[in-house]
Amino acid sequence: MEDEKPVWAPHPTDGFQLGMIVDIGADALTIEPLNQKGKTFLAPMSQVFPAEDDVNKHVDDNCSLMYLNEATLLNNVRVRYNKDHIYTYVANILIAVNPYYDIPKLYGPDAIKSYQGKSLGTLPPHVYAIADKAYRDMKVLKISQSIIVSGESGAGKTENTKFVLRYLTTTYGSGQDIDERIVEANPLLEAFGNAKTVRNNNSSRFGKFVEIHFNDKNAVVGGFVSHYLLEKSRICMQSNDERNYHIFYRLCAGASEELKKTLHLNSPDNFRYLSRGCTRYFASKDSDKQILQSRKSAEHVKVGSLKDPLLDDQGDFNRMCVAMKKIGLNDTEKLDLFRVVAGVLHLGNIDFEETGSSSGGCIMKNQSDQTLKCCAELLGLDQDDLRVSLTK
Ligand SMILES: Nc1ncnc2c1ncn2[C@@H]1O[C@H](COP(=O)(O)OP(=O)(O)OP(=O)(O)O)[C@@H](O)[C@H]1O
């Protein structure tokens, strides 16, 4: 660190703050913050870092900073974020900061076109540039490439993964319906594997490994999604502010009257697997009006819908049905899928009681007979077999 030059010193809430070194001790430095002249504090030597000459200047790649350390990296990312430059490189690693709003034109068709075939660093940092580099490396080296997306909940992993898929299928697709099927698999996966948590309205509760397959002409010809570690406990129990998987609410809000009757559906209040968490639907002002009162929970009626520009339970149900068709599910398969989902909801309403025998075990309460019958019918099982398997 040079004399008379500002440094980054630890700050309890901001991470780092700019200050001047006024004294050097054996293992600590006395720092005077630039914005609090006359006030000093001690900071361990290992946590004080040299600052760039101009802290308001930003660079596309953190490696271009004069001093690369934790504080200058964070400051560079922050300055960029404040100007809507949410992407920054550290060499060929991309840092993405979630803007939580749509940045105009950032992902549009023109942006997709502009990144095609461009080396990393030629254009501003972007998730499209990473996708294109992976594609070019695959083509040149003839070796499979991986893009690892990591970060805490709500960081933007799911959204950025979708941008990569859209980029690859749009730019290097075969023009056949396979491109659309790869992209359309996402709404379906999200319906069954994503849920509202306190940190993210559309939190993926499973890990996924998405493969995109290319032919010898380097065009997209297929895809495969492996999934891991779905949070199964969420099916039975959610905390107060969280919800079960989107599919349950979408079915309750969006099913046609006929389907609702077939699946014996009702408002989320009527299902134990939903009623102990947040029972409100995601809906805009308009779509909320289209959902019948009888399908809404008391909580929803009282405080209104949950709001998120990307989520709308009723509309998403219809979009999901379209996606199912596009990925090749016929009407019977679609209905079978919904029967299983509804069957799970009804399973949660069955009541058990202990037998009282010394060998333990339980029996089903008499009043659950109707629910058991409904479950068996929906799941395509024999009623007595189901009773035995649930109680033995
Ligand atoms: N690039 C972006 N532009 C605009 N909004 C975004 C962007 N990335 C994420 N978001 C918003 O942030 C929300 C959370 O992002 P996302 O679901 O991708 O997080 P995640 O890292 O996958 O979280 P989890 O680990 O909980 O699944 C999205 O639903 C969306 O509203």
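All ligand and atom numbering here is 1-based and tracks the order in the structure.
- Of the residues Arg166, Lys326, Lys325, the one that meets the salt bridge (Lys or Arg N to Asp or Glu O under 4.0 Å) test with Glu180 is Lys326.
- Evaluated by nearest non-hydrogen atom to atom 13 (C) of ligand 1, the leading choice among Asn98, Val97, Asn202, Ile86 is Asn98.
- An N or O contact shorter than 3.5 Å is missing between Asp102 and ligand 1 by distance.
- You'll find the side chain of Val341 stays beyond 4.5 Å of the side chain of Leu378, heavy atoms only.
- Shown here are the side-chain hydrogen bond (donor to acceptor under 3.5 Å, both in side chains) partners of Tyr172, two or more places apart in sequence or in another chain: Asp132.
- Contacts between Pro99 and ligand 1, counted as non-hydrogen atom pairs separated by less than 4.0 Å, involve the side chain only.
- For ligand 1, the atoms closer than 4.0 angstrom to any heavy atom of Ser203 are 24 (P), 26 (O), 27 (O).
- Considering both main-chain and side-chain atoms, Arg205 never comes within under 3.5 Å of ligand 1 through any nitrogen or oxygen pair.
- Scanning the protein for heavy atoms near atom 22 (O) of ligand 1, the closest one is Thr158 OG1, 2.4 Å.
- Side chain to side chain, Glu190 and Asn202 meet the donor-acceptor criterion of an N or O pair below 3.5 Å.
- Distances between N or O atoms of Tyr107 and those of ligand 1 include at least one value under 3.5 Å.
- Ranking the protein heavy atoms by distance from atom 25 (O) of ligand 1 puts Lys157 NZ, 2.7 Å first.
- Other residues, nucleotides and ligands place no more than 12 heavy atoms under 6.0 Å from the CD1 atom of Ile24.
- With 3.5 Å as the limit, one finds no donor-acceptor pair spanning the side chains of Ser267 and Ser297.
- For Tyr81, there are no ring-ring contact (aromatic ring centres under 6.0 Å, His included) partners two or more places apart in sequence or in a different chain.
- In summary, the atoms of ligand 1 found under 4.0 Å from a heavy atom of Leu310, numbered by their order in the structure, are 29 (O), 30 (C), 31 (O).
- The residue Phe206 has no part lying near ligand 1, judged by heavy-atom distances below 4.0 Å.
- Electrostatic pairing of Arg280 and Asp313 does not count as a salt bridge here, judged by no charged N lying under 4.0 Å from a carboxylate O.
- At under 3.5 Å, a nitrogen or oxygen of Glu159, whether backbone or side chain, sits near a nitrogen or oxygen of ligand 1.
- Looking at atom 27 (O) of ligand 1, its nearest protein heavy atom turns out to be Ser204 N, 2.7 Å.
- Given atom 19 (O) of ligand 1, the protein heavy atom at minimum distance is Gly156 N, 3.2 Å.
- In this structure, the protein non-hydrogen atom closest to atom 4 (C) of ligand 1 is Tyr101 O, 3.2 Å.
- If you check which protein heavy atom lies closest to atom 23 (O) of ligand 1, you get Gly154 N, 2.8 Å.
- Within 6.0 Å of NZ in Lys57 there are 12 or fewer heavy atoms belonging to other residues, nucleotides or ligands.
- Residue-ligand proximity, Glu152 to ligand 1, at heavy-atom distances under 4.0 Å covers atoms 21 (O).
- Using cut-offs of 30° and 60° for the angle between ring planes, the Tyr107 and Tyr128 rings count as perpendicular.
- Nearest to atom 17 (O) of ligand 1 among the protein's heavy atoms is Asn200 ND2, 3.1 Å.
- Counting heavy-atom neighbours within 6.0 Å of His227 NE2, excluding the residue itself, gives a total of 12 or less.
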